[in-house]
Structures are given as C-alpha cells and as structure tokens.
J.: 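To start, I am sharing the structure in question, which I have written as structure tokens.
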Amino acid sequence: QVQLVESGGGLVQAGDSLRLSCAASGRTFSNYVMGWFRQAPGKEREFVAAISWSDGRTYADSVKGRFTISRDNAKNTVYLQMNSLKPEDTAVYYCAADRWRLTRTAREYDYWGQGIQVTVSS
C-alpha cells in the first residue's frame, strides 16, 4: 500500500546540518502518520520524530530543539531537518508510516523504508 524511500544521508562533521527526505508512494499518504526512527550499532531502534496528518509533531528528548520534522503532502514527502549534529546522532535512519494515531512506538508503524546512513564525525 505504501512504499518509502529515504535519501539525503551522508558523512558530516559535528555541528553541521543535514536534511533527510522520505518519498512515499501510495493512495492515502496525507492520511498517514509519518515517523523517523534510528538505530546505531549496538543499540536498539529508537524513536526520533513523528508528524500527523493534521501537522501535529512530537520529538524524542535527545533531538528536541535540534531536529525538525515536516511534510509536503503535494510532493508525498516527509523531511527531517537535522541541525547541530552530534557524533551520537550517528545511525541508520528509517522512515516509517502509520495509518492510525501519532505514536512513538515502532511496532505500531505499518510501513518502513530501507534506511539511510548518517555519520557524524567529531
């Protein structure tokens, strides 16, 4: 029903900015909650940010004030603007879609992208 493809990752230095994009294909993109998760080596997958169809937003405490999630329904795309990047932000970042309510719980999301690497050097 929904396919997600992430782009915009790469290698940057601490303090730099990066914007991730997630292009979605599907018939009801605007009605889905969209989220970003990340998984670093040796760590569990963790919630980063999510945005609802009505533009409500929620962030993990670790990124609040530095990251901004947004969506452009006309382009079927969700973004994650990452500022003031830190080495601890290094991870594979995953875009996810949920057809129900805004949630921070990974298992409640229905669709996932393949993930994209973000590496922040000190």
J.: How close do Ala14 and Pro87 get, counting heavy atoms only, and between which atoms?
T.: CB-CD, 4.1 Å
J.: Taking Gln81 for the side chain and Phe67 for the main chain, is one N or O donor matched with an acceptor at less than 3.5 Å?
T.: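 Not a single qualifying donor-acceptor pair exists.
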J.: Within the 4.5 Å heavy-atom criterion, are Val33 and Ile51 side-chain neighbours or not?
T.: no
J.: Working to the nearest 0.5 angstrom, can you tell me the gap between Met82 CE and Leu18 CG?
T.: 4.0 Å
J.: Under a 4.5 Å cut-off applied to non-hydrogen side-chain atoms, are Asp110 and Val2 in contact?
T.: no
J.: Rounded at 0.5 Å granularity, tell me how far CZ in Phe47 sits from OG1 in Thr105.
T.: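 If I round to the nearest 0.5 Å, the distance is 9.0 Å.
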J.: Are Ser70 and Arg57 side-chain neighbours, meaning at least one heavy-atom pair lies under 4.5 Å?
T.: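 Yes, their side chains come closer than 4.5 Å.
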J.: Between Tyr79 and Ile69, is a side-chain contact (heavy atoms from CB on, under 4.5 Å) present by the stated rule, with each step listed?
T.: CA-CA 6 Å; Tyr79 304 96; Ile69 188 171; over 6 Å; no
J.: At what distance, to the nearest 0.5 angstrom, does OG of Ser52 lie from CH2 of Trp100?
T.: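 Rounded to the nearest 0.5 Å, the OG-CH2 separation comes out at 15.0 Å.
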J.: Parallel, tilted or perpendicular: which fits the ring planes of Phe37 and Trp112, with parallel below 30° and perpendicular above 60°?
T.: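 Phe37 and Trp112: tilted rings.
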J.: Could you tell me whether the side chain of Arg104 and the main chain of Tyr59 form a donor-acceptor pair under 3.5 Å?
T.: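 Confirmed, Arg104 side chain pairs with Tyr59 backbone.
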J.: How close do Ala97 and Met34 get, counting heavy atoms only, and between which atoms?
T.: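 Residues Ala97 and Met34, closest heavy atoms: CB-SD, 3.7 Å.
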J.: Measure across Leu80 and Ala49 and return the closest heavy-atom pair with its distance rounded to 0.1 Å.
T.: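 Smallest heavy-atom distance, with atoms named: CD1-CB, 4.2 Å.
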J.: Would you tell me whether Thr90 and Glu88 have side-chain atoms, one donor and one acceptor, within less than 3.5 Å of each other?
T.: no
J.: Quick one: closest heavy-atom pair of Gly115 and Glu6, and the distance?
T.: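 In terms of heavy atoms, the two residues are closest at N-OE1, 3.0 Å.
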J.: State the SG-OH distance between Cys22 and Tyr94, to the nearest 0.5 angstrom.
T.: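 The SG atom of Cys22 sits 13.0 Å away from the OH atom of Tyr94.
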J.: List the atom of Ser17, the atom of Ser84, and the distance in Å for their closest heavy-atom pair.
T.: OG-N, 4.3 Å
J.: Answer yes or no: does atom CD of Gln117 have more than 12 heavy-atom neighbours from other residues, nucleotides or ligands under 6.0 Å?
T.: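 Yes, because the 6.0 Å sphere around CD of Gln117 holds more than 12 heavy atoms from other groups.
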J.: Check for me whether Arg99 meets the cation-pi criterion with Tyr32, that is, NZ or CZ under 6.0 Å from the six-membered ring centre and within 45 degrees of the ring axis.
T.: no
J.: Give a yes or no on whether the backbone of Thr103 and the side-chain of Tyr109 come within a donor-acceptor separation of less than 3.5 Å.
T.: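 Yes, because the side chain of Tyr109 sits within donor-acceptor range (under 3.5 Å) of the backbone of Thr103.
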J.: Check step by step if side chain to side chain donor-acceptor pair (under 3.5 Å) holds for Arg71 and Thr77.
T.: CA-CA 6 Å; Arg71 66 193 299 165; Thr77 302; over 6 Å; no
J.: Give a yes-or-no answer on whether the side chains of Arg38 and Tyr93 include a donor-acceptor pair shorter than 3.5 Å.
T.: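 Judged by distance alone, the side chains do pair up.
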J.: Quick one: do Val118 and Leu20 satisfy side-chain contact (heavy atoms from CB on, under 4.5 Å)? Show the steps, please.
T.: CA-CA 9 Å; Val118 172; Leu20 303 183; 3.9 Å; yes
J.: For Ser121 and Gln13: C-alpha separation, side-chain torsions, deciding distance, then whether side chain to side chain donor-acceptor pair (under 3.5 Å) applies.
T.: CA-CA 5 Å; Ser121 63; Gln13 292 183 314; 4.8 Å; no
J.: Looking at every non-hydrogen atom in both residues, tell me the closest pair between Asp98 and Arg101 and how far apart they are.
T.: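 Shortest heavy-atom separation between Asp98 and Arg101 comes out as OD2-O, 2.8 Å.
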J.: Roughly how far, to the nearest 0.5 Å, is the CH2 atom of Trp36 from the CD1 atom of Ile116?
T.: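 Going from the CD1 atom of Ile116 to the CH2 atom of Trp36 covers 7.5 Å.
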